[in-house]
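Reading through the structure tokens given below for one structure.
FYI, the numbering just counts along the sequence from 1. These figures come from a predicted structure and were not determined experimentally.
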Amino acid sequence: MPTGFGRLWSAQTISSLGDGVSHAALPLLALTLTRNPMALAVVTAAGTLPWLLFGVLGGALVDRWDRRRTMWVMDAARAVLLAIPAAAAALDVLSIGLLAAVAFLLGLGGLFFDTAATAYLPDLLGRDPALLERANSRLRGAQTAMSGFAGPPAGSALLALGRAVPLLADAVSFMLSALLVRTLPAMPRPVPEVRESLLRQARAGAWYVFRDRVLLGLALRPAVGNIAFLAVETVLALFAHDRLGIDTYGFGLLLTAEATGGLFGAGIASYLGRRLGTGTALTCTAAVEGLAILGLAAAPNPYVAGLALAVCGAGMGATMVLGPSLRQAIVPAHLMGRVASTSRMLAMCAAPVGAFLGGWLATTYDIRTPLYAAAVLLLAMTAVTASMTSNRRVEAALRAAAPAGGPDHPASKDPVRESAPDLL
């Protein structure tokens with residue numbers, strides 16, 4: 001792995017720890033201000049709004065900007081931003097409106113940072129598929145460990161020391177990340193001069209995804225998956241309490257089982273890709289997710305439920321390494337930001353649909369119904385996308401991308417390549 005990757009990995013690991021701290025602290029902070037469920041939902045929803053409102057346009061901007069600079073500026077800006085609610089908490093003037101505004105701006109900064117990081121990684125690694133899988137496996141594993149295991153307990157513990165403490169800790173993590181990213185090697189911008197309008201460039205990026213079978217299949221998996229998983233997540237606490245007899249502490253352990261599976265899946269993703277081929281591995285992990293949710297719905301006790309969630313987490317962890325790695329290997333450098341943000345936006349837009357579906361099915365039928373529906377949806381998605389991301393199509397896409405394998409290759413700067421590829 002290039003030396004620069006170690007610094008990028010360290011930066012994202014530190015930032016993920018801070019994210020885990022704030023993800024636990026922000027809802028608890030909001031809970032000290034109000035018990036109104038709708039007000040609490042506003043704070044939660046505010047963080048996802050930037051992807052819904054500016055996802056594709058944000059990707060177009062990232063494709064215009066220097067990606068390394070975008071990353072460290074966004075981290076530095078988020079560090080400064082968190083000082084505002086920290087000061088408000090210390091002065092006892094914190095409000096739900098301020099928390100919602102901060103959550104929205106943090107989400108906006110995350111949009112630009114995540115898109116720029118996704119676009120920067122293939123430049124750093126020379127668009128080598130094997131290196132991309134290894135890199136994404138390490139990044140995903142660190143993110144799961146920090147934001148899923150270490151961060152939330154630390155956020156709760158820091159909140160006991162004072163309402164401003166976890167916010168300041170997250171600010172420090174962003175600043176350290178910014179300093180590390182600032183030392184990464186600079187990469188040439190894929191498009192030195194921009195002559196097209198921002199809206200036209202954004203539309204070209206979205207059209208590129210919808211016209212390419214492989215990229216569309218990769219985008220459909222998290223989009224449909226979010227509908228299914230949010231349907232489950234909406235009722236999971238109630239299902240665990242009413243049907244499995246799990247208390248609050250046990251529910252935390254149940255979620256830890258899923259995170260543990262996610263770490264395992266991220267760790268074996270590259271092995272699965274080598275043994276089965278990336279396309280077949282993606283189909284298998286998607287099928288595993290559906291079958292695991294089916295097992296969760298039929299679970300007779302907490303132990304079977306925990307095992308089912310761990311298996312589901314393993315499938316998700318492997319998918320979230322293999323899918324982005326493949327996308328980074330086959331998308332031209334000058335389109336990477338727009339393609340990544342379009343795929344992420346589709347997934348984010350699907351999440352509220354899944355939450356509403358889960359609540360409606362549980363209210364209208366039974367608490368297990370959303371789980372069975374989610375399993376059917378995941379298995380149907382697996383069947384539909386299997387041919388779209390088959391080994392044959394994946395290998396053809398990799399061969400087509402090989403001539404434009406680096407950011408300095410002339411084809412990666414050719415404006416004609418803004419049109420959709422002939423991979424139908």
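The minimum heavy-atom distance between V232 and I293, with the atom names listed, is CG2-CG2, 4.1 Å. What you find for M316 and E258 is that their closest heavy atoms are SD-OE2, 3.9 Å. Residues L53 and F104 approach most closely at CD1-CE1, 4.2 Å, considering heavy atoms. Across all their heavy atoms, Y120 and P185 have their closest contact at OH-O, 2.6 Å. What you find for A329 and P129 is that their closest heavy atoms are CB-CG, 4.1 Å. Heavy atoms only, all atoms of each residue included: A228 and L377 are closest at N-CD2, 4.1 Å.
Counting non-hydrogen atoms of other residues, nucleotides and ligands closer than 6.0 Å to OH of Y372 gives a total above 12. By the 6.0 Å contact criterion, CE on M320 is open, its count of non-hydrogen atoms from other residues, nucleotides or ligands being 12 or less.
With rounding to the nearest 0.5 angstrom, the CG atom of L180 is 13.5 Å from the CH2 atom of W72. Taking CG of L282 as the start and CG of L218 as the end, the distance is 6.5 Å to the nearest 0.5 Å. C349 SG to L52 CG: the interatomic distance, rounded to the nearest 0.5 Å, is 4.5 Å. The CG atom of L296 lies 5.0 Å from the CG atom of L309; values are rounded to the nearest 0.5 Å. F356 CZ to L230 CG: the interatomic distance, rounded to the nearest 0.5 Å, is 13.5 Å. Rounding to the nearest 0.5 Å gives a distance of 10.0 Å between CE of M345 and CG of L111.
Figure legend: R338 and Y208 shown without cation-pi pairing, the cationic atom not lying both under 6.0 angstrom from the six-membered ring centre and within 45 degrees of its axis.
Checked by atom type and distance alone, the side chain of T283 pairs as donor or acceptor with a backbone atom of G279 at under 3.5 Å. Of the possible polar contacts, none joining the S343 side chain to the A219 backbone as a donor-acceptor pair under 3.5 Å is found. The main-chain N or O of R213 is never found under 3.5 Å from a side-chain atom of R393 such that the two would form a donor-acceptor pair. The closest donor-acceptor contact from the side chain of S137 to the backbone of A266 lies under 3.5 Å. With hydrogens and angles ignored, the 3.5 Å screen pairs a side-chain donor or acceptor of N391 with a backbone N or O of L276. Within the 3.5 Å criterion, the main-chain N or O of D114 finds a donor-acceptor partner in the side chain of T118. Judged by distance alone, the side chain of N226 and the main-chain N or O of A350 form no donor-acceptor pair under 3.5 Å. T144 places a side-chain N or O within donor-acceptor distance of the main-chain N or O of R140, the cut-off being under 3.5 Å.
When each of L168, V165, D170 is checked for a side chain to side chain contact (heavy atoms under 4.5 Å, CB included) with L158, only V165 meets the rule. Under the side chain to side chain contact (heavy atoms under 4.5 Å, CB included) test applied with L326, the options V331, T278, V321 reduce to a single match, T278.
In this pair, W65 and F112 present their aromatic rings tilted. The plane angle is within the 30 to 60° band.
Taking 4.5 Å as the limit, some side-chain heavy atom of V235 sits within range of a side-chain heavy atom of L371. At a threshold of 4.5 Å between non-hydrogen side-chain atoms, the residues D123 and R67 count as touching. You'll find the side chain of F229 reaches within 4.5 Å of the side chain of L378, heavy atoms only. In this structure, the side chains of Q328 and M336 come closer than 4.5 Å at one or more pairs of heavy atoms. Using a 4.5 Å heavy-atom threshold, the side chains of R68 and R182 count as touching. Side chains of L29 and L167 form a contact here, defined as non-hydrogen atoms less than 4.5 Å apart.
Between the side chains of T115 and S341, not a single donor N or O lies within less than 3.5 Å of an accepting N or O. In summary, the side chains of R221 and T389 do present a donor paired with an acceptor at a separation below 3.5 Å, with no hydrogens or angles considered.
Under the 4.0 Å criterion applied to side-chain N and carboxylate O atoms, R134 and D128 are not assigned as salt-bridge partners.
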One pair to check against salt bridge (Lys or Arg N to Asp or Glu O under 4.0 Å): D212 and R327. What are the steps and the verdict?
CA-CA 11 Å; D212 186 309; R327 186 185 298 114; over 6 Å; no
